[in-house]
Amino acid sequence: MGLKLESVVPWGRSLAEYIDMFSLSPADLQRQILDCAGGPASFNAEMTDRGYSVISCDPVYQFSVSEIEQRIQATYAPIVEGVRANCDRYVWQAIQSPDQLGEIRLRAMRRFLADFPMGLRSGRYVVDPLPTLSFCPGQFDLALCGHLLFTYSDQLSADFHLSAIQELCRVANEVRVFPILDISGEASPILPIVLEKLPQQGYQLEIKPVPYEFQRGGNQLLRILRKLN
Ligand SMILES: C[S@@+](CC[C@H](N)C(=O)[O-])C[C@H]1O[C@@H](n2cnc3c(N)ncnc32)[C@H](O)[C@@H]1O
């Protein structure tokens with residue numbers, strides 16, 4: 001796989017943030033969940049600890065704990081400084097400062113690092129990049145994809161987004177994507193294309209408010225239901 005360690009910028013969120021970002025109900029937590037582009041989030045580790053079922057996939061899982069840890073150390077300060085320089089783009093409520101943001105993210109990423117070797121061995125972390133996944137049709141009840149699609153609208157084409165969402169819908173009965181803004185907090189130019197094209201192919205799409213807003217205006221998810229054959 002062509003991913004270079006120098007291009008990896010690890011940044012992961014916690015279970016509490018996932019619950020709000022994806023509006024996960026207690027019943028949702030009981031479902032078979034795929035966390036696509038899970039990266040160094042602690043969602044899988046924390047869910048597994050509570051007895052729930054999550055598989056995370058991400059190309060970054062091809063690297064070792066020490067390689068990912070090294071990238072966290074190299075990129076952590078520049079990311080926090082980047083947020084500080086653009087602090088008006090964020091809502092400082094639940095998270096009150098760039099330094100607190102850094103602490104929360106580091107805690108989540110350390111939780112991930114502690115779980116990664118065991119989770120890799122047991123198949124909870126899978127090296128699998130969109131737009132083609134190795135999972136079986138309908139293997140999951142729910143697929144989550146956080147901070148990849150729409151976030152990187154400047155790097156990932158509309159065709160990539162369409163193929164990626166179709167693939168997530170192949171492996172899961174329901175897909176939730178958060179956020180639907182790009183990385184600068186602007187409306188994604190790809191969202192209207194997705195909203196136009198996928199219903200033409202029989203998918204059901206819905207934009208829903210969520211009880212999470214860190215990127216200013218980033219308080220909505222896109223829910224997609226698999227077309228019925
Ligand atoms: C900003 S992180 C988000 C981590 C986590 N979902 C969260 O919200 O905290 C974005 C992740 O997308 C992953 N990624 C990049 N290209 C991908 C692809 N083609 N398929 C799946 N994941 C990819 C990166 O490796 C990175 O871990």
Side-chain angles (χ1 to χ4, degrees), residues 1-24 33-47 54-65 67-69 71-72 75-76 78-80 82-83 95 101-102 104-113 115-116 119-120 125-135 142-157 159-168 170-172 175-185 190 210 212-215 218 221-222:
M1 226 164 279
L3 183 64
K4 291 195 167 64
L5 184 61
E6 313 85 75
S7 65
V8 172
V9 183
W11 205 233
R13 291 154 188 86
S14 66
L15 169 61
E17 291 185 281
Y18 262 62
I19 286 175
D20 286 348
M21 279 159 26
F22 293 106
S23 229
L24 296 173
I33 298 178
L34 173 66
D35 182 19
C36 185
S42 59
F43 178 66
N44 191 322
E46 294 186 72
M47 286 285 282
V54 178
I55 290 180
S56 304
C57 67
D58 194 303
V60 84
Y61 299 151
Q62 70 192 272
F63 299 110
S64 67
V65 167
E67 286 172 323
I68 299 173
E69 195 167 21
R71 283 304 293 163
I72 291 172
T75 57
Y76 169 79
I79 299 177
V80 172
V83 171
I95 300 172
L101 170 74
I104 291 170
R105 292 283 174 275
L106 261 190
R107 206 177 308 135
M109 292 192 286
R110 288 194 181 121
R111 186 81 183 72
F112 157 78
L113 288 172
D115 180 55
F116 182 50
L120 197 60
Y125 295 105
V126 179
V127 184
D128 223 3
L130 284 169
T132 309
L133 303 176
S134 59
F135 305 109
L142 177 61
L144 309 175
C145 188
H147 299 97
L148 174 69
L149 299 175
F150 305 119
T151 296
Y152 293 102
S153 292
D154 57 337
Q155 296 174 37
L156 303 172
S157 67
D159 280 348
F160 178 91
H161 280 71
L162 292 167
S163 304
I165 294 172
Q166 286 166 338
E167 181 67 346
L168 289 167
R170 182 185 69 79
V171 302
V175 175
R176 297 183 198 175
V177 179
F178 176 89
I180 54 175
L181 300 179
D182 72 12
I183 198 159
S184 313
I190 292 176
V210 299
Y212 181 94
E213 183 178 0
F214 180 53
Q215 250 187 325
L221 61 74
L222 178 64

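Keep in mind that this is a model prediction, so the values were computed, not measured. Both counts, for ligands and for their atoms, begin at 1 and track the order of listing.
Relative to atom 1 (C) of ligand 1, the option among M21, M109, Q155, H147 with the closest non-hydrogen atom is H147. Counting heavy atoms only, L130 comes closest to atom 20 (N) of ligand 1 of the residues L148, V60, L144, L130. Ranked by closest heavy atom to atom 17 (C) of ligand 1, the top entry among P59, P40, G146, A108 is P59.
Side-chain atoms of I190 and F150, non-hydrogen and from C-beta on, do get closer than 4.5 Å to each other.
Short contacts between ligand 1 and G39, defined as distances under 4.0 Å to a heavy atom of the residue, involve ligand atoms 27 (O). Close contacts between ligand 1 and D58 involve ligand atoms 11 (C), 12 (O), 13 (C), 24 (C), 25 (O), 26 (C), 27 (O) [criterion: under 4.0 Å to a heavy atom]. Residue contact check: G12 has heavy atoms under 4.0 Å from atoms 9 (O) of ligand 1. Each of the following atoms of ligand 1 lies closer than 4.0 Å to a heavy atom of W11: 1 (C), 2 (S), 3 (C), 4 (C), 9 (O).
If you look at F116 and F63, their ring centroids are not closer than 6.0 Å.
Here the side chain of Y125 pairs no donor or acceptor atom with the backbone of C57 at under 3.5 angstrom.
Among D128, V171, L142, the single residue meeting the side-chain contact (heavy atoms from CB on, under 4.5 Å) criterion with L34 is V171.
Minimum interatomic distance between V80 and G102 (heavy atoms only, all atoms of both residues): CG2-CA, 3.9 Å. In plain terms, the two heavy atoms of F160 and P131 that are nearest each other are CE1-CD, 3.5 Å.
Ring geometry for Y76 against W11 counts as tilted: the plane angle lies between 30° and 60°, on a 0 to 90° scale.
The nearest heavy-atom contact from the protein to atom 7 (C) of ligand 1 is R13 NH1, 3.3 Å. Nearest to atom 12 (O) of ligand 1 among the protein's heavy atoms is A37 CB, 3.5 Å.
Contacts of F43 with ligand 1, taken as heavy-atom pairs under 4.0 Å, are absent altogether.
Atom NE2 of H161 sits about 11.5 Å away from atom OH of Y152, to the nearest 0.5 Å.
Polar contact check, Y18 against ligand 1: a nitrogen or oxygen pair lies under 3.5 Å apart.
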